[in-house]
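Every chain is numbered from 1, with letters handed out A, B, ... down the list of sequences. If you're wondering where the values come from, they're calculated on a predicted model, not measured in any experiment.
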There are 2 protein chains.
Amino acid sequence: MAPPERRRRSTQRDIARHAGVSQATVSLVISGGAASNQIAESTRRAVLAAAEELGYAANVAARSLKGGRNRLLGLYTFESVFPTDQRDFYYPFLLGVAEETARQGYDLLLFSSDRGESSTGTPTAERSIYAGGANRLKIADGCVLLGRNVRREELSALVREDFPFVFVGRREVDDGELSYVAADYVSATGALVAELARLGHRRILYLRALEDSEPTRDREEGYRRGLAEAGIVPDEALIRRLADPADLSVDHLEEWIGGLGITALLVEPTEDDRLTGALATMAGTERVRFPADCSLALLGDPPSWTPESRNWTRFSLPRARMAGEAVRVLIGLLDRESPEPRQLTVPCEFVPGDSIGPVPARPVPARPVPADPDGRPTT
Amino acid sequence: MAPPERRRRSTQRDIARHAGVSQATVSLVISGGAASNQIAESTRRAVLAAAEELGYAANVAARSLKGGRNRLLGLYTFESVFPTDQRDFYYPFLLGVAEETARQGYDLLLFSSDRGESSTGTPTAERSIYAGGANRLKIADGCVLLGRNVRREELSALVREDFPFVFVGRREVDDGELSYVAADYVSATGALVAELARLGHRRILYLRALEDSEPTRDREEGYRRGLAEAGIVPDEALIRRLADPADLSVDHLEEWIGGLGITALLVEPTEDDRLTGALATMAGTERVRFPADCSLALLGDPPSWTPESRNWTRFSLPRARMAGEAVRVLIGLLDRESPEPRQLTVPCEFVPGDSIGPVPARPVPARPVPADPDGRPTT
DNA sequence: ACTCCCAACTAATACGTATTAGCAAGTGCC
DNA sequence: GGCACTTGCTAATACGTATTAGTTGGGAGT
């Protein structure tokens with residue numbers, strides 16, 4: 001019993017037969033390349049008519065196998081985007097990429113499949129570009145990359161392969177240069193420090209991420225520069241790292257205020273809502289108030305784009321704009337003959353918010369105060 | 001001056017040369033297919049070692065050129081998704097599709113490029129599947145379709161050429177059956193009518209969309225059924241259409257309440273925020289209050305997913321779930337040998353809200369009241 | 001010694017497209 | 001009429017992989 005004939009896609013050869021020309025002619029007409037003006041108008045029309053009739057669609061695989069273009073851009077995220085608390089963070093990026101991609105006449109390929117297969121055929125749990133031993137991204141003409149927990153070795157491989165891609169965020173590898181569109185964390189953090197200094201703060205704690213990725217390094221750099229410009233001598237004890245931002249408790253904070261004498265806090269937010277969750281919990285206790293007891297500013301956006309429960313003082317990165325810029329850079333790479341890596345830095349926006357203020361007047365325990373008969377300070 | 005040698009990816013042939021075997025052997029080892037157990041263990045190891053050394057990554061394009069499948073699902077929206085007021089409506093669909101696609105081990109292709117080129121090369125403004133004389137969707141193995149303003153002729157073409165796709169929402173064409181995953185608007189609308197009837201309403205106005213698409217027809221059907229089951233004789237004057245939902249004004253409403261004697265209103269929401277805008281404006285006037293003066297329920301979701309200014313009584317379609325279901329149906333179509341179209345209907349969720357209530361007690365103007373000596377009605 | 005078979009490989013080919021070299025017919029020019 | 005040149009097309013090939021149909025060399029069976 002013969003298996004039911006699977007309907008085959010029509011190919012250029014089918015069209016060629018139909019129109020009574022060669023496959024090469026069809027290709028010239030369809031892809032409309034440089035040499036396509038050598039085709040007679042009548043032939044062109046015949047081919048197009050046949051193509052229309054047969055419902056022809058170019059085969060991406062074959063096209064890109066030849067090295068041609070698919071008008072396809074990829075978007076790859078090193079983190080999984082779907083956990084509810086992360087996707088809000090990534091949505092503006094997605095939107096920016098999608099919009100600009102569309103505007104440029106490209107379609108967008110979301111590399112979202114988690115279930116890669118290793119070369120041995122066993123499914124791998126981890127998210128990877130080289131799933132199945134192949135660079136999946138190559139389906140697309142080029143790719144925008146995103147994410148905090150970058151796999152360095154994969155980035156390196158991409159650079160070595162000379163695959164056109166642009167990272168949203170500053171990233172570096174040992175193997176060579178890569179293109180990116182980054183937010184100017186250095187200046188933005190520096191500006192926040194300057195603002196705090198202007199308000200009189202001298203002991204500003206910087207609560208940084210545990211991992212030592214570029215964005216974090218840039219913020220630390222900005223922190224140091226800001227201090228230097230304000231003439232404050234940095235105190236290494238004021239740079240703290242927290243393994244899990246959810247651990248940030250009011251106990252910690254009181255310890256820092258009391259023990260370290262800090263009056264302001266700079267916190268690096270996370271993509272998920274662990275940090276904002278911790279802040280909300282802290283607000284619930286009402287033991288420390290911002291900015292009455294301590295100023296607090298975020299070094300970036302809290303994840304959710306829904307109206308905040310609190311309008312934190314912070315800087316905000318223009319996520320959609322960065323994403324759009326990344327697409328433009330990428331297309332630039334694709335169009336150029338010898339793609340020099342390009343780096344672009346865009347400024348962050350300062351959001352005044354309401355969580356910083358002047359240094360709170362506080363009784364200084366060590367210094368003796370002129371006592372009244374009761375021994376209690378006057379109010 | 002010679003152009004800088006573009007680094008070439010290593011191929012199976014490179015590995016073959018390196019390991020002193022043939023390309024076919026490499027392929028057998030790498031892809032580990034059925035016949036790969038015929039390979040001697042020593043050879044296999046040599047090949048894998050060479051692959052490792054050369055940093056081999058299979059070329060997806062070539063692979064899928066042979067196999068036919070790209071493990072790529074498409075998502076096409078007939079409306080442009082990017083206008084701010086629409087994207088919130090479509091986001092849950094996108095999310096649902098993306099998530100399920102990823103879970104199934106596919107990647108997702110967003111057909112967002114607006115700038116199609118017609119066959120003559122002149123850019124066309126309209127959004128179209130068949131841009132450039134080719135069906136762009138065919139790049140993917142199959143496609144999920146979405147949108148209200150469907151191009152019927154394109155849908156028909158898709159059906160004719162037997163392209164695997166699933167519509168999110170009930171759609172029909174003359175040419176044959178198509179697969180869809182739809183919300184049960186009929187029952188949901190019927191249930192709302194039943195609820196209003198239970199509260200004593202007898203004159204319920206149905207404000208429907210102007211165009212006669214399936215979702216609208218289903219709601220109308222549900223409206224009529226609901227009335228019938230409540231034993232209410234339908235009054236055709238109570239079915240109204242509004243060209244632009246933004247035109248819904250408090251004047252209209254007062255006219256309906258006074259002139260038509262309605263006590264409840266069912267409104268079909270739009271994907272953009274024209275309707276909710278109009279409702280907000282109406283609320284601002286404070287001339288008609290819901291549900292004190294009139295009950296109001298929405299036949300679907302208001303577009304934005306940000307917290308509503310008002311918790312409207314309504315039904316809500318499980319957008320993400322529908323999208324996920326659509327992906328599963330689509331993959332079912334792909335896996336099956338002879339793809340029979342499948343139709344799936346999922347129930348809507350009733351959201352009680354706070355905009356419906358009992359029939360307001362109101363003076364009936366026509367009935368003569370016992371007059372006092374002044375001839376003025378007592379207050 | 002002869003066939004037969006099997007293990008372990010390779011040669012050849014197809015997938016659908018883009019591109020280049022080249023060919024045939026026509027045109028203009030001397 | 002011969003030559004160069006143009007126009008409009010086709011033949012041939014390459015891209016990297018999967019697969020099928022062989023092709024070896026040698027060991028077992030008779």
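In terms of polar N and O atoms assigned as donor or acceptor, the side chain of B:E41 never comes within less than 3.5 Å of the base of C:dA8 in a complementary pairing. In terms of polar N and O atoms assigned as donor or acceptor, the side chain of A:Q23 comes within less than 3.5 Å of the base of C:dA18 in a complementary pairing.
The separation between A:R17 atom CZ and D:dT10 atom C1' is 16 Å, rounded to whole Å. Distance A:L65 CG to D:dT13 C1': 13 Å, rounded to the nearest Å. Residue B:I15 contributes atom CD1, which lies 11 Å from atom P of D:dA18 at whole-angstrom precision. Rounded to whole angstrom, the span from the CZ atom of A:R44 across to the C1' atom of D:dT7 amounts to 15 Å. The nearest whole Å value for the distance from the NZ atom in B:K66 to the P atom in C:dG16 is 9 Å. In this structure, B:I39 places its CD1 atom 13 Å from P of D:dT19, rounding to the nearest Å. Taking atom CZ on A:R45 and atom P on D:dC9, their separation rounds to 12 Å, with Å as the unit. To the nearest angstrom, P of D:dA11 lies 15 Å from CD of A:Q12.
When each of C:dC9, C:dT19, D:dT17 is scored by its nearest atom to the side-chain atoms of B:A40, the top-ranked nucleotide is C:dC9. Closest to the side chain of B:L28, out of C:dT17, D:dT19, D:dT17, is D:dT19. Listed nucleotides D:dT10, D:dC15, C:dT10 differ in distance to B:R13; the shortest reach to its side chain belongs to D:dC15.
For the 3.5 Å distance criterion, the side chains of A:Y180 and A:E214 fail to qualify, holding no donor opposite an acceptor.
Regarding contacts with the backbone of D:dT6, every side-chain N or O of A:Q38 stays at 4.0 angstrom or more from both OP1 and OP2. For C:dC9, one of the phosphate oxygens OP1 or OP2 lies less than 4.0 angstrom from a side-chain nitrogen or oxygen of B:T43. In this structure, B:T25 reaches the C:dT10 phosphate: one of its side-chain N or O atoms is under 4.0 Å from OP1 or OP2. Listed pair A:T11 / C:dG16 fails the phosphate criterion, with no side-chain N or O lying under 4.0 Å from OP1 or OP2.
When atom types are taken as modelled, the side chain of B:S10 and the backbone of B:L54 share a donor-acceptor pair closer than 3.5 angstrom. For the pair B:S27 (side chain) and B:Q23 (backbone), a donor-acceptor distance under 3.5 Å is absent.
Nearest-nucleotide positions on DNA chain C for B:A24 and A:A24 put B:A24 closer to the 5' end.
Across all strands, B:V21 comes closer than 4.0 Å only to sugar-phosphate atoms, never to a base (heavy-atom distances).
Ring centroids of A:F78 and A:Y76 are separated by less than 6.0 Å, placing the two rings close together.
For B:E52, the CD atom is loosely surrounded, since the number of other residues' heavy atoms within 6.0 Å does not exceed 12.
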